[in-house]
Amino acid sequence: MSLQFWTTDVNDNGEKIIEVHDLSAGYGGDPAVVNARFEIYAGDRIAIIGPNGAGKSTLIKTIVGILQPQSGHVRIAGGNPQRIGYLPQHQRVNWDFPVTVRDVVMMGRARHIGWMRWPGREQYRAVDAALERVDLLAVADRQVGELSGGQQRRVFIARALAQEADILLLDEPFSGVDSTAQANVMDVLEALNADGITIVLCTHDLNLAFSRFKRVIALRGQIIACGTPQEVYTPAVLSKVYGGRLATWDDGRQVMMFVDDHAHHDDV
Ligand code: ADP
């Protein structure tokens, strides 16, 4: 059993809810992620950055339990896997499936409904409350395939909330959405984070990770750095992660920026 659980563990950073310990993970051959070690605390808002193929997706899938560690372990506090809500990459979802927004979010209630039962009024109330939190109640009866990309991301966030997840792991949620939709989804995530929900998100958008996250994990097969954006965004770390061209600008805070020469071409 690779996913392990413990009760509560509180230190100076708060309540530790996920522990990744000497984790190596991948797809049978050489591990895509090697010896990763970090902790996540309740209320964290963490971005995992790194170039294409750095292992971001692999790391998230292993935390969620879709992939088994090759060595090391992931531990989740509280003994309840339902507390984790996972948003897969957008292109991995079949958006043509004829199902309404409310139906998708109701899937998050499966555990509460029980086997071969129909959802009752209480379940519909929970689903509507989740839709309200992501500002989608008005489109609850629409087919999910008809929504915009940003709205579809929010449907999946609502499904995780309906599941009563308090830790959200999102795999590249912003690939293929425009900047307005990205800002809307990010606003929803920040509001949820302010309510105590822990957010872990992987992205190749260095600006976003710098400006809207409390902590950043820089990954390239192994963890190169983990800390506040200011701690992680140094020339030494970024050149190790991207090995690419350095562009700098000064917006008053001496922000540096690496241009990833291998920027995602497959995201749109
Ligand atoms: P990222 O999310 O940072 O782009 P991934 O975790 O998707 O990186 O990929 C890490 C490495 O694992 C890459 O070398 C990739 O080719 C490989 N990989 C990803 N998915 C699979 C898979 N299903 N089977 C085999 N190798 C894979």
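Numbering of ligands and ligand atoms starts at 1, following listing order.
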(message) Within the supplied structure, the quantity of interest is the number of heavy atoms (other residues, nucleotides, ligands) at a distance under 6.0 Å from E132 CD; does it exceed 12?
(response) no
(request) Quick one: look at A32 and ligand 1, take heavy-atom pairs under 4.0 Å, and tell me if it's side chain, backbone, both or neither. (result)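 Within the 4.0 Å criterion, A32 contacts ligand 1 through side-chain atoms alone.
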(message) Please classify the C202 to ligand 1 contact at 4.0 Å (heavy-atom distances, strictly less than): side chain, backbone, both or neither.
(response)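 None of C202 does.
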(request) May I ask whether G221 places a heavy atom under 4.0 Å from ligand 1? (result)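 Checking ligand 1 against G221, which is what was asked, there is no heavy-atom contact under 4.0 Å.
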(message) Does the residue G53 have a heavy-atom contact with ligand 1, meaning some pair of atoms that are separated by less than 4.0 Å?
(response)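 G53 counts as a contact of ligand 1 under the 4.0 Å cut-off.
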Under 4.0 Å from a heavy atom of [X]: give me the atoms of ligand 1 that qualify, with their elements.
{"X": "A54", "answer": "1 (P), 3 (O), 8 (O)"}
{"X": "T58", "answer": "5 (P), 6 (O), 9 (O), 10 (C)"}
{"X": "P51", "answer": "3 (O)"}
{"X": "N52", "answer": "4 (O)"}

(message) Under 4.0 Å between a side-chain nitrogen and a carboxylate oxygen: does that hold for D171 and K56?
(response)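 No salt bridge links D171 with K56.
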(request) Begin with the C-alpha distance, continue with both residues' side-chain angles, and end with the deciding distance and a verdict on salt bridge (Lys or Arg N to Asp or Glu O under 4.0 Å) for R212 and D187. (result) CA-CA 10 Å; R212 302 196 68 165; D187 288 347; 2.6 Å; yes
(message) Can a donor-acceptor pair be found, under 3.5 Å and without considering hydrogens, that links the side chain of Q143 to the backbone of T100?
(response) no
(message) Checking the side chain of K240 only, and the main-chain atoms of A218 only, is there a donor and an acceptor separated by less than 3.5 Å?
(response) no
(request) Would you give the length of the straight line joining atom CG of L168 to atom CG of L87, rounded to the nearest 0.5 angstrom? (result) 7.0 Å
(request) Give yes if a backbone or side-chain nitrogen or oxygen of Q89 is under 3.5 Å from a nitrogen or oxygen of ligand 1, and no if not. (result)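 In this structure, Q89 places no N or O atom under 3.5 Å from an N or O of ligand 1.
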(message) Applying the side-chain hydrogen bond (donor to acceptor under 3.5 Å, both in side chains) criterion to R109, which one of E122, E164, Q163 satisfies it?
(response)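 With R109 as partner, side-chain hydrogen bond (donor to acceptor under 3.5 Å, both in side chains) holds for just one option, E164.
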